[in-house]
Amino acid sequence: MDEQTHEHVRELIASVPAGRVATYGDIAALAGLSTPRLVGRVLKEDGFDLPWHRILPATGVPAAHLRTEQLERLRAEGVLAEGSRVDMRRYRWQP
DNA sequence: CGAATGACGTCTA
DNA sequence: GTAGACGCCATTC
């Protein structure tokens, strides 16, 4: 993965406003990536200083190891979850 | 150096 | 709601 794309992904994630969320697929498409999983990788490797909690899977249910903390952070921003699922239709960020 | 593996997903049936 | 296939790339063996 080249540096530019990596930075581009970081910029896009950083541009998601508080109180809104985006899917991995959204970020991948905007960054021109061929697969959404690369977004997840960028977050894992270099996402500690980004609002990673605003990035969710298309289903609205975060992966198990993140579920608790992510939903809690979102709730603090006003993004409410129904059980473990965030209502994507309502909070999804659209440029 | 080549092959196998893991990973914060998505789409279609 | 579940099940399977597809996909990319860094890391490890």
Side-chain angles (χ1 to χ4, degrees):
Chain A
M1 165 108 63
D2 62 272
E3 292 295 328
Q4 256 185 2
T5 304
H6 194 92
E7 283 304 313
H8 194 178
V9 170
R10 289 170 50 78
E11 282 176 26
L12 289 167
I13 293 173
S15 71
V16 177
R20 310 305 292 285
V21 301
T23 68
Y24 290 91
D26 288 340
I27 301 300
L30 291 172
L33 298 178
S34 48
T35 166
R37 300 192 95 163
L38 296 180
V39 177
R41 175 183 322 220
V42 170
L43 285 180
K44 185 191 172 174
E45 293 174 354
D46 197 23
F48 50 86
D49 61 338
L50 290 171
W52 55 268
H53 54 281
R54 300 194 190 124
I55 308 304
L56 294 167
T59 58
V61 184
H65 34 285
L66 302 172
R67 206 163 54 63
T68 307
E69 184 180 355
Q70 183 159 24
L71 292 179
E72 193 170 322
R73 285 177 181 245
L74 288 173
R75 182 164 49 79
E77 294 185 346
V79 177
L80 305 180
E82 311 164 358
S84 297
R85 177 173 49 246
V86 172
D87 187 341
M88 298 306 289
R89 292 180 305 181
R90 200 153 98 118
Y91 298 108
R92 189 164 177 266
W93 173 62
Q94 300 160 275

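Labels below follow one simple rule: chain letters A, B, ... track the order of the sequence lines, proteins then strands, and each chain is numbered from 1. Since we're looking at a predicted model, the values are computed, not measured.
Taking CD from A:E11 and CD1 from A:I27, the interatomic distance works out to 11.5 Å, rounded to the nearest 0.5 Å. Rounding to the nearest 0.5 Å places CZ of A:R75 at 12.5 Å from NE2 of A:H53.
The side chain of A:L43 lies closest to B:dC8, out of B:dC8, C:dC8, C:dG1.
Nucleotides C:dA10 and B:dC1 have their P atoms positioned 15 Å apart, rounded to a whole Å. For the C1' atoms, the distance linking C:dC6 with B:dA7 amounts to 15 Å, nearest Å. Only the C1' atoms considered, B:dG6 is 12 Å distant from C:dC8, to the nearest whole Å.
Taking A:E77 as the reference, A:R54 meet the salt bridge (charged side-chain N to carboxylate O under 4.0 Å, His left out) condition, with sequence neighbours excluded. Residues forming a salt bridge (charged side-chain N to carboxylate O under 4.0 Å, His left out) with A:R73 (at least two apart in sequence, or on another chain): A:E69. By the side chain to side chain donor-acceptor pair (under 3.5 Å) test, A:T5 pairs with A:D2, sequence neighbours left out. Applying the side chain to side chain contact (heavy atoms under 4.5 Å, CB included) rule to A:D46 yields the partners A:H6, A:R10, A:F48; only residues at least two apart in sequence or on another chain are considered. A:R67 meets the side chain to side chain donor-acceptor pair (under 3.5 Å) test with A:S84; sequence neighbours excluded. Residues meeting the side chain to side chain contact (heavy atoms under 4.5 Å, CB included) test with A:R90, sequence neighbours left out: A:D87. Qualifying side chain to side chain contact (heavy atoms under 4.5 Å, CB included) partners for A:E45, counting only residues two or more places apart in sequence or in other chains: A:R41.
Less than 4.0 Å separates DNA chain C from no heavy atom of any residue of residues 76-84 of chain A. Near DNA chain B, meaning a heavy atom under 4.0 Å from it, residues 11-32 of chain A has A:T23, A:Y24, A:G25 in order of number. In the region residues 64-71 of chain A, proximity to DNA chain B at under 4.0 angstrom, judged on heavy atoms, holds for A:H65, A:L66.
For the side chain to side chain contact (heavy atoms under 4.5 Å, CB included) test with A:V86, the passing option among A:V79, A:V61, A:T59 is A:V79; the others fail.
In DNA chain C, runs of at least 3 stacked Watson-Crick or G-U pairs (N1-N3 plus N6-O4 or O6-N4, or N1-O2 plus O6-N3, all under 3.5 Å) give these stems: B:2-6 with C:9-13, B:9-13 with C:2-6.
Not one N or O on the side chain of A:T35 forms a donor-acceptor pair closer than 3.5 Å with the backbone of A:L38.
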Which atoms of nucleotides 9-13 of chain C (N or O only) lie under 3.5 Å from a protein N or O atom, and what are those distances?
unit_1	atom_1	unit_2	atom_2	d
C:dC9	O2	A:R41	NH1	3.1
C:dC9	O2	A:R41	NH2	2.2
C:dA10	OP1	A:M1	N	2.1
C:dA10	O4'	A:R41	NH1	2.5

